[in-house]
Number of protein chains: 2
Amino acid sequence: MSTAIKIFSPATVANVGCGFDVLGFCLDTIGDEMLIRKTTAKGIKITKIEGFDLPYDVKENVAGISALAMYEDLKPNCGFEIEIYKKIKPGSGIGSSSASAAGSVFGINAILGFPLNKTELTFYAMKGEAFASKSEHADNLAPAIFGGFTLVKSTHPLRILELPTPKNLYATLIHPQIEIKTSEARALLPDKLKLSSAIRQWANIGSLVHGLHTSDYELIKESMTDVVAEPYRKELIPYFDKLKAAVLKAGALGCAISGSGPSIFALSKGKKTAKIVEQVMNHVYSESDIPFETYVSKINQEGIKIL
Amino acid sequence: MSTAIKIFSPATVANVGCGFDVLGFCLDTIGDEMLIRKTTAKGIKITKIEGFDLPYDVKENVAGISALAMYEDLKPNCGFEIEIYKKIKPGSGIGSSSASAAGSVFGINAILGFPLNKTELTFYAMKGEAFASKSEHADNLAPAIFGGFTLVKSTHPLRILELPTPKNLYATLIHPQIEIKTSEARALLPDKLKLSSAIRQWANIGSLVHGLHTSDYELIKESMTDVVAEPYRKELIPYFDKLKAAVLKAGALGCAISGSGPSIFALSKGKKTAKIVEQVMNHVYSESDIPFETYVSKINQEGIKIL
């Protein structure tokens, strides 16, 4: 059992178009690094944060909160120090808080010899996520911890399904550097949904799950429509309609808001198309004054890992 | 090419708990028989109806309406006579009108040498179904024509997905002989749905599709909850709650209203459990004054067929 491990905690995309609040997938070229060190002194301490200005107080930091919740239940005969090398910008819509919340519990679990399974880790990570987004949800945490595509069937009790990933599926992302708070993006949504819209959404989710199982890229394409959140949230993201139209024209299977935004993702069959989609995203946003970053990533089947 | 064929057109279960308006599966021990005969005289005629009192006027009979819609598009150089041996009671909630609508188009297509595929047949059958239920839907037609479990992704354009069927899955049905009109059962439902209920429903649909793909009977069990229609429609069916509780206690994976009722179905792993569930259904309804019938059926993977 090592006394310190370094981990990679990946960025993730929640909702995936039709799967509002339940679907997500894992990225592999974007993520935080964290170092978890076992100490003889008891308790949890955050000893280093690089990349972004985040609180060192364990009870004010998502990585600290999730670690503490797990620590208090497991009551190990040691303590832990956490170093956070934050690369995913908070508020980018690609699971920044989830990466932190998942990273600390994953690291501690590894040092302790893996007493908890992935669902149990997600349970504790949700405590940190709840602090960041004001609601206990797992649609970013599940793909970070399990890898691939995940479906959060329910949070109480926590039930996570691992869906298969077609092998030629790539994601392209653009992160326009504007601020959208998850809580604000959520407040935009009406409390009630037309039954006809709900039916369309659940037909699409069923179809997307079937498309992932059968590696049916055409069906994945047809299923990625979001009639629930996108019509409201896209107003928060400049150039959304233009970017989406251009990206689909360039051959992407689908394009939607990542989580509650502002990042936008596209799925493509093959890396070549995903790269072309990246160029198109660059081209559309070059017209704006908004700083942005783009990424291309294979779907990360492994999830969070020890480096 | 034969000049007359006899077919079996099966009963079906729509909605399947969580899949309101989109999911369905096919039964194999209950269904109508129909005889379709090629004639030199042009046009469509219904020449015999046995079992139930239904209109002979082609434009007033679902089998006639669907046949006519297809006939007018294909313009074959012949006509057809239809004999209907109706075994599925109209209004029972197990796809009686769908069996009729599907049967005539399937039979004519077979006599003509199969010019249309199954989706095209469903398209024409929907014309008859629309006459019966006042809305163009395919959630009973699709399983009748394709067999197994189906997901109607959309009706415009018509897109039907064939889902896999775990091999030990059996259905038990009870048909309490009370009348519920589809249009009335539909009017009971609110136009809008709480977002939280909708999310629960689409998590369940995604899970059920995953469970069918992975033959995960436990997941199928967990996914069969209907938070959309059942809370309203169960009031129309005496003893629903009591029957459901007893059936689940007896080992059924799930129990829900078949289509818009009044039939109730249960899914079980294995024929033995399905038979026990049938006894339990019988026991519960024996207390009532309502006449009823029960059935046990393997999921019919083939669908409508030539006898």
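Being a predicted model, the structure only gives us computed values, none of them experimental. Here is the naming used below: chain letters follow the sequence lines, and residue numbers restart at 1 for every chain.
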Which atoms of B:S154 come close to chain A, meaning under 4.5 Å heavy atom to heavy atom: side chain ones, backbone ones, both, or neither? neither
Verify, without hydrogens or angle tests, whether A:W202 (side chain) and B:C18 (backbone) share a donor-acceptor contact under 3.5 angstrom. no
Counting heavy-atom pairs under 4.5 Å to chain B, which of A:S196, A:A198, A:G206 comes out on top? A:G206
Under the 3.5 angstrom rule, does the side chain of B:S96 hit a backbone N or O of B:G91 as a donor-acceptor pair? no
Please check if the side chain of A:E235 supplies one atom and the backbone of A:Y232 the other of a donor-acceptor pair under 3.5 Å. no
Sort B:L219 into side chain, backbone, both or neither according to what part of it lies under 4.5 angstrom from a heavy atom of chain A. both
Looking only at A:D216, A:D21, A:V22, A:I205, the option with the highest number of non-hydrogen pairs under 4.5 Å against chain B is A:I205
Assess whether a salt bridge exists between A:E162 and A:K118, defined as any Lys/Arg side-chain N lying under 4.0 Å from an Asp/Glu carboxylate O. no
Among A:P190, A:S223, A:G19, which residue has the highest count of heavy-atom pairs closer than 4.5 Å to chain B? A:S223
What I want to check is whether the side chains of B:E222 and B:N204 have a donor and an acceptor closer together than 3.5 Å. no
Please give me the minimum heavy-atom distance between B:I220 and B:L212, naming the atom from each residue. CD1-CD2, 4.1 Å
What part of A:R159 gets closer than 4.5 Å to chain B, counting heavy atoms only: side chain, backbone, both or neither? side chain
Looking only at B:K194, B:H210, B:K192, the option with the highest number of non-hydrogen pairs under 4.5 Å against chain A is B:H210
Proximal component of A:L151, with respect to chain B [non-hydrogen, under 4.5 Å]: side chain
With only heavy atoms counted, which part of A:V152 is less than 4.5 Å from chain B, the side chain, the backbone, both or neither? backbone
Counting only N and O atoms by type, is there a donor-acceptor contact under 3.5 Å from the side chain of B:K244 to the main-chain atoms of B:A266? no
If one checks every heavy atom of A:S197 against chain B at 4.5 Å, the contacting part turns out to be neither
